[in-house]
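Chain naming here is simple, since letters A, B, ... match the order of the sequence lines and numbering starts at 1 in each. Both backbone and side-chain heavy atoms feed into the values below; hydrogens, waters and symmetry mates do not.
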Amino acid sequence: MKVKMLSRNPDNYVRETKLDLQRVPRNYDPTLHPFEVPREYVRALNATKLERVFAKPFLASLDGHRDGVNCLAKHPKNLATVLSGACDGEVRIWNLTQRNCIRTIQAHEGFVRGICTRFCGTSFFTVGDDKTVKQWKMDGPGYGDEEEPLHTILGKTVYTGIDHHWKEAVFATCGQQVDIWDEQRTNPVCSMTWGFDSISSVKFNPIETFLLGSCASDRNIVLYDMRQATPLKKVILDMRTNTICWNPMEAFIFTAANEDYNLYTFDMSALDTPVMVHMDHVSAVLDVDYSPTGKEFVSASFDKSIRIFPVDKSRSREVYHTKRMQHVICVKWTSDSKYIMCGSDEMNIRLWKANASEKLGVLTSREKAAKDYNQKLKEKFQHYPHIKRIARHRHLPKSIYSQIQEQRIMKEARRRKEVNRIKHSKPGSVPIVSEKKKHVVAVVK
Amino acid sequence: MTANRLAESLLALSQQEELADLPKDYLLSESEDEGDNDGERKHQKLLEAISSLDGKNRRKLAERSEASLKVSEFNVSSEGSGEKLVLADLLEPVKTSSSLATVKKQLSRVKSKKTVELPLNKEEIERARTPLEQEIFNLLHKNKQPVTDPLLTPVEKASLQAMSLEEAKMRRAELQRARALQSYYEAKARREKKIKSKKYHKVMKKGKAKKALKEFEQLRKVNPAAALEELEKIEKARMMERMSLKHQNSGKWAKSKAIMAKYDLEARQAMQEQLSKNKELTQKLQVASESEEEEGGTEDVEELLVPDVLNEVQMNADGPNPWMLRSCTSDTKEAATQEDPEQLPELEAHGVSESEGEERPVAEEEILLREFEERRSLRKRFELSQDAEPAGSQETKDSGSQEVLSELRVLSQKLKENHQSRKQKASSEGTIPQVQREEPAPEEEEPLLLQRPERVQTLEELEELGKEECFQNKELPRPVLEGQQSERTPNNRPDAPKEKKKKEQMIDLQNLLTTQSPSVKSLAVPTIEELEDEEERNQRQMIKEAFAGDDVIRDFLKEKREAVEASKPKDVDLTLPGWGEWGGVGLKPSAKKRRRFLIKAPEGPPRKDKNLPNVIINEKRNIHAAAHQVRVLPYPFTHHWQFERTIQTPIGSTWNTQRAFQKLTTPKVVTKPGHIINPIKAEDVGYRSSSRSDLSVIQRNPKRITTRHKKQLKKSSVD
C-alpha cells in the first residue's frame with residue numbers, strides 16, 4: 001500500500017540569499033485569469049487618472065535677480081550648479097539642491113546677452129550689451145579679492161550670443177557676424193557672414209563638434225563648418241528664428257524656435273523640409289532646449305508658458321505655467337533629464353519636474369515595477385478615447401486658452417480658403433503644399 | 001369472464017346441435033366434418049406459431065377468436081383491422097394436395113345446401129330452453145355480442161367502417177373547423193377579459209352567481225349527502241369569519257373611511273356595507289324547515305371555508321409553478337376520467353335541442369359540432385362498453401369529492417347575494433327543474449370535444465378561465481404546441497377549449513399528445529411504439545414541467561419585436577389642435593387635417609436581423625461603450641488586426657512570468673537620477689567600451705539610433 005506523505009523540500013521554498021526573489025508558485029493558465037484586456041484597460045485607466053492626480057510639476061522658484069532673466073547655462077560637470085544672466089548685467093550662480101544663489105557677479109553694463117560654460121566646468125563666458133566678451137572663473141574669488149573676469153575681450157559690435165566648443169578651447173560669438181575665437185587670443189580666428197543682419201544666437205553641435213548653427217533676424221538659419229572659412233548652407237523660413245538647439249543624441253537634427261509660434265525640427269542634410277513642425281504655442285517661441293536623452297525638448301514662449309514636445313510629435317505632451325510666470329525668455333533641461341529650468345521676465349528662475357507626476361526620491365523595486373507597468377499600460381491603451389481624454393486634459397490660463405481657440409478658428413479659415421481656392425481654380429494650377437513645406441521659403445547653399 | 005365462458009359453451013352446444021342435425025339431410029359423415037374443423041383449427045394454430053416466431057409482431061397479431069366484454073388496452077386485437085379470416089384462405093395450402101380436392105368439393109356442396117337450413121338454426125338458437133341458456137342469451141343480447149358468428153359485434157363492424165378514407169377526411173375538415181372556432185372563442189374571451197367596465201363585470205358576476213345557484217340546487221337534489229357535508233363546511237367557514245378581522249372595519253381602508261365618514265355619505269355607506277357583510281357572513285344559520293333554504297344558506301357561508309383547499313388549487317393554477325398544481329390538476333383529471341362512463345347514457349337522452357336555449361348566437365357552430373360529436377360519441381360508447389369500469393373505485397370517489405368541492409366554492413360565492421334576499425332564492429327554486437335540465441348538457445358534451453375521457457367539470461375551473469387567458473395568449477406564438485393542441489381538441493365548444501387549454505398547459509402538451517386515447521384504440525390499430533418511448537416521454541414531460549414558467553423564446557420574440565418597433569422611424573404629426581377650427585377638451589382635429597399634417601417617416605433601411613429569427617442586431621451606436629472603444633485605427637498601425645493583437649497581449653504579471661513581465665515593462669529609456677547624460681560622441685559610433693559599468697542611460701530601443709550616433713554613456717555624480 002502506498003502512503004502519501006507530505007514532503008517538503010527546502011530547496012523549493014528557501015531563498016539562497018536574502019536578495020533573491022521570493023518564490024511564489026503561480027498558475028499561469030489563461031483560463032484562470034480571464035478578461036485580461038478589460039482588466040488591463042481598467043488598470044490603465046486608473047493609472048492615467050492617478051497620473052493626473054499626482055501631476056505637480058512645479059518644484060521651486062529661484063529669486064534674486066533684479067531684472068528679467070535673459071540667459072541660463074548648465075554646469076557641464078555639476079548638476080546642482082546653474083548660471084543665469086539678467087537684463088541688468090548681473091550674473092548669478094545658483095545651487096539647485098539648496099535652492100539659493102551662491103555667487104553674484106555684476107558682469108556687464110546692460111543686458112547679459114549670452115552665457116556659456118567651458119566644457120571642463122572651470123570657467124564660463126558671458127557677452128553683454130557693452131560689446132565685451134568676458135571669461136570668469138567658476139569658483140569665486142578668495143576672501144577679500146575683487147570679482148574680476150579672467151579675460152575681457154573688447155569687440156567692435158554688440159555680441160548677442162555665445163557658445164563654447166564641446167571639446168576644444170574655442171568659442172563662437174554672434175552679432176553682426178559669427179566669430180570663432182581661440183581662448184588664448186583676443187581676435188577671432190575667423191568671422192563668417194552671409195548677408196547683413198544681426199545674428200541672435202549661435203550653437204555648437206555637441207556631437208559633430210566642428211559644426212555650428214546660427215539664426216539671424218533676416219529669417220534664416222545658417223550652418224557653418226568651423227574648419228571652413230565660409231558658411232555651409234542656410235534655410236530661410238517664413239519668420240525669424242529666435243534660437244536653435246542641437247539634438248544631443250542625433251548629430252544632424254536640430255530644432256529651431258520660431259517667431260511664428262512654431263518649432264521646426266530639421267535634419268541638416270535636408271533643410272527644405274523640416275522633419276517635424278511642432279505647434280502648440282500661441283505666441284513667439286523664445287528658447288528651446290533638448291533633453292539629454294534626445295527624445296524630447298522643452299520650449300519657452302512669449303505666451304508665458306513652457307511646453308515639452310516629443311521629438312517625433314507635432315503636439316506637446318505637457319504645458320507648464322503659473323500665474324506669476326511672465327514671458328519666458330530662456331529654458332534649460334538639466335543634464336540628468338529630470339528637471340527643467342526656465343528664466344522669465346519677472347526675474348525668477350523656476351524649477352520644474354520634467355515628468356509632472358514622477359515621484360522624486362529613491363524608489364523601491366516594487367514601486368519601480370509598478371511605475372513601469374503603469375507606464376506601459378498607459379502607452380498600450382493611449383489610443384482609447386476615454387484614456388486619451390483624461391491624459392490630455394490640462395488646465396490652461398484663460399489667455400492661452402482663448403488664444404488657442406482663436407488660432408484654431410483662424411487656421412480653419414485659412415484652410416477653408418485654401419480648399420476653396422483649389423476647388424475654384426484650374427486643377428493643378430494651385431499646388432497643394434503640405435504643412436511642413438509651407439514654412440520653408442528657400443534653402444541656399 | 002363468466003360471460004365469455006358461457007358464450008363458449010353455448011357455441012359448442014349449438015354446433016353440436018347443428019352437427020346432430022346434419023346426418024339427416026346430408027351424405028357427409030360426421031367424422032369428415034369434424035376432421036375439417038379440426039384441420040382448420042390446426043392450421044390456425046400453425047399460423048399462430050409461425051407468427052409468434054418473430055417476437056416483434058407477436059403482440060400485434062394477438063387474435064381474439066371470440067367476442068369478449070373486456071379488452072385490455074395493451075392487447076389490441078387485430079381483428080378490427082379488416083383481415084377477416086376466409087375459409088378458402090385457410091384451405092389454401094391444402095389445395096395443392098390432390099387428395100383433398102374431393103373434400104373441398106364436398107364442402108362446397110355442403111355450403112350451398114346449408115343456406116337453406118340457416119333460419120332453422122337461428123330459431124333453434126333463439127329458443128332458449130333452460131333458464132341458464134336464457135340467461136346467457138339475455139346477456140349476449142344485452143351486450144350486442146354475436147351469438148352465431150363469433151367474429152365481430154355490430155359495433156365493432158361499425159367502428160371498422162367508421163374510419164374509411166372519406167371519413168378521415170371529413171374528420172380532418174371538422175377538426176379544422178373546430179380549431180378555427182376555438183380560436184374565435186379564445187379571442188372573444190380575451191376581448192371580454194380586457195373590458196375595464198366595472199359594471200360589465202358586475203353584471204357578468206351576477207350572471208355567474210345565478211348559474212352557480214342553479215347548479216347547486218341541482219346538486220342538492222342529486223346528492224343530498226354532499227349537500228349535508230357542505231352545510232358543515234359552511235358552519236366552519238362562519239366560525240373562521242368570526243375569528244378573523246375581515247370585514248370588521250379595522251383595516252387601513254376602513255380606518256380611512258371612518259375619518260371620511262363624518263363628511264362623506266358614500267364613505268359612510270361603504271362602511272355600512274362592510275359591516276353588513278360581516279354580519280351576514282357571521283350570521284348563525286337557522287335550521288330552516290325547508291331543506292332548500294338551508295342548503296342555500298350553508299353554501300354561501302361555506303365559500304369561506306372551502307377555499308382553504310380550493311384556493312390553493314386556484315392560486316397554483318394561476319401561478320407559474322407547475323409542481324404545485326400538478327397533483328391537483330391530475331386529480332381532477334382523473335376525476336373527469338371516471339366521470340365519463342356515467343355521463344354517457346345521459347348524453348343520448350339530451351339531444352341537440354338542449355343547449356340551444358342558452359346559446360343562441362353560437363347555434364350554427366353548435367350544430368356543426370354536435371354532428372361531429374354524435375359521430376364521436378358512437379365510437380366512444382363502443383369503446384366504453386369494452387372498457388367496463390376497470391379503474392379503482394376509490395379514485396372515482398376522490399374525484400367526485402374534488403369536483404363537488406370546487407363547485408361548492410364557486411356556488412357559495414355566487415350565493416352570497418342570494419342569502420341576503422330570501423325572495424330571490426324563492427325565485428331560484430322555481431327555476432330548479434330548468435337548471436336540472438340544462439345542467440348536465442354542457443358537462444356531457446365536453447368529453448366528446450376532446451375525444452378523451454379527461455375533462456374539466458368543475459365550475460371553479462370555469463371561473464378561472466378568465467385568469468387563464470393570459471396563459472393562453474402565451475401559448476399562441478408557439479406554433480408547434482398550438483398545432484398539437486388543436487389536434488388534441490378537435491371538437492369545439494365555447495367554454496370547453498379554454499378549460500382544456502389551461503389544463504393541458506399546466507400539464508404537458510407533449511405528453512397529452514402522445515397518450516393513447518381510448519378512441520385511438522377503437523381503431524384497433526396496434527400502437528406499440530408508443531409504449532416503448534413512454535419513459536422518454538416522461539422525462540421530457542418532467543423537464544417541461546420544470547420550466548413551464550419561463551418561456552424564453554416568447555420573451556425573446558417579444559424583445560425583438562420591441563426592438564424592431566423602436567428602431568422604426570417615427571411619423572411626425574404637425575397638427576395644431578384648434579388651428580382653424582374649434583379646439584378644447586375632448587375635441588380632436590379632424591382626420592383630414594391630421595392626414596394633411598402628418599409627415600410620414602420614410603421607410604428605413606432593412607434591418608440586418610430581418611432574416612435571422614434568433615438574433616437581435618442592435619444597429620445603434622452605444623455611446624456609453626463608445627468612450628471605451630477606439631474608433632480610428634491609430635497611426636503607426638496599418639491594419640486593425642495589428643492593433644488588436646497589441647491590445648490582446650496582456651503585459652501584467654498576472655498573465656506573464658516574472659521575467660517576461662520585467663522584459664515587457666522595461667521602459668525604452670531609463671535614466672538614473674543624479675547622473676549627467678552627456679551627448680553622444682563620435683567615438684561611440686561602432687563600439688561601446690565594456691569597461692563602463694555604470695550606465696546613466698540605457699537605451700532599450702535601438703531602432704532609433706543609427707550606427708552613426710550611438711550614444712555615449714558616462715558617469716558623473718552630483719557634486
For B:H639, look at atom NE2 and say whether over 12 heavy atoms of other residues, nucleotides or ligands are found less than 6.0 Å away.
yes
When B:T657, B:L664, B:N656, B:I651 are compared by non-hydrogen pairs under 4.5 Å with chain A, the top option
B:I651
Measure from the side-chain N and O atoms of A:K74 to the backbone N and O of A:W333, and report whether any donor-acceptor pair falls under 3.5 Å.
yes
Looking only at A:K388, A:H383, A:H75, A:K368, the option with the highest number of non-hydrogen pairs under 4.5 Å against chain B is A:H383
Between A:E36 and chain B, which part of the residue has a heavy atom less than 4.5 Å away: side chain, backbone, both or neither?
both
At a heavy-atom separation under 4.5 Å, does B:Q629 approach chain A through its side chain, its backbone, both, or neither?
backbone
Below 4.5 Å, heavy-atom pairs only: which of A:Q382, A:E379, A:R39 has the largest tally toward chain B?
A:R39
Electrostatic pair B:R540-B:E536, nearest N-O below 4.0 angstrom:
yes
Relative to chain B, which segment of A:K338 carries a heavy atom at a distance below 4.5 Å: side chain, backbone, both, or neither?
side chain
Which answer fits A:R389, side chain, backbone, both or neither, if we ask what part of it has an atom under 4.5 Å from a heavy atom of chain B?
neither
Select one option (side chain, backbone, both, neither) describing which atoms of A:P206 are under 4.5 Å from chain B's heavy atoms.
both
From A:H164 atom NE2 to A:F124 atom CZ, the distance as rounded to the nearest 0.5 Å
13.0 Å
Do A:K313 side-chain atoms and A:V311 backbone N/O form a donor-acceptor pair below 3.5 Å?
no
Less than 4.5 Å to any heavy atom of chain B: does that hold for the side chain of A:K167, its backbone, both, or neither?
side chain
Need one label for A:Y41: side chain, backbone, both or neither, based on atoms under 4.5 Å from any heavy atom in chain B.
side chain
Side chain, backbone, both or neither: which part of A:L360 has a heavy atom under 4.5 Å from chain B?
neither
Examine distances only and state if a side-chain atom of A:R26 and a backbone atom of B:S653 form a donor-acceptor pair shorter than 3.5 Å.
yes
For B:A601, does its backbone N or O pair with a side-chain atom of B:D571 as donor and acceptor, under 3.5 Å?
yes
Can the ring centres of A:F254 and A:W246 be said to be less than 6.0 Å apart?
yes
Proximity breakdown for B:T654 and chain A, heavy-atom pairs closer than 4.5 Å
both
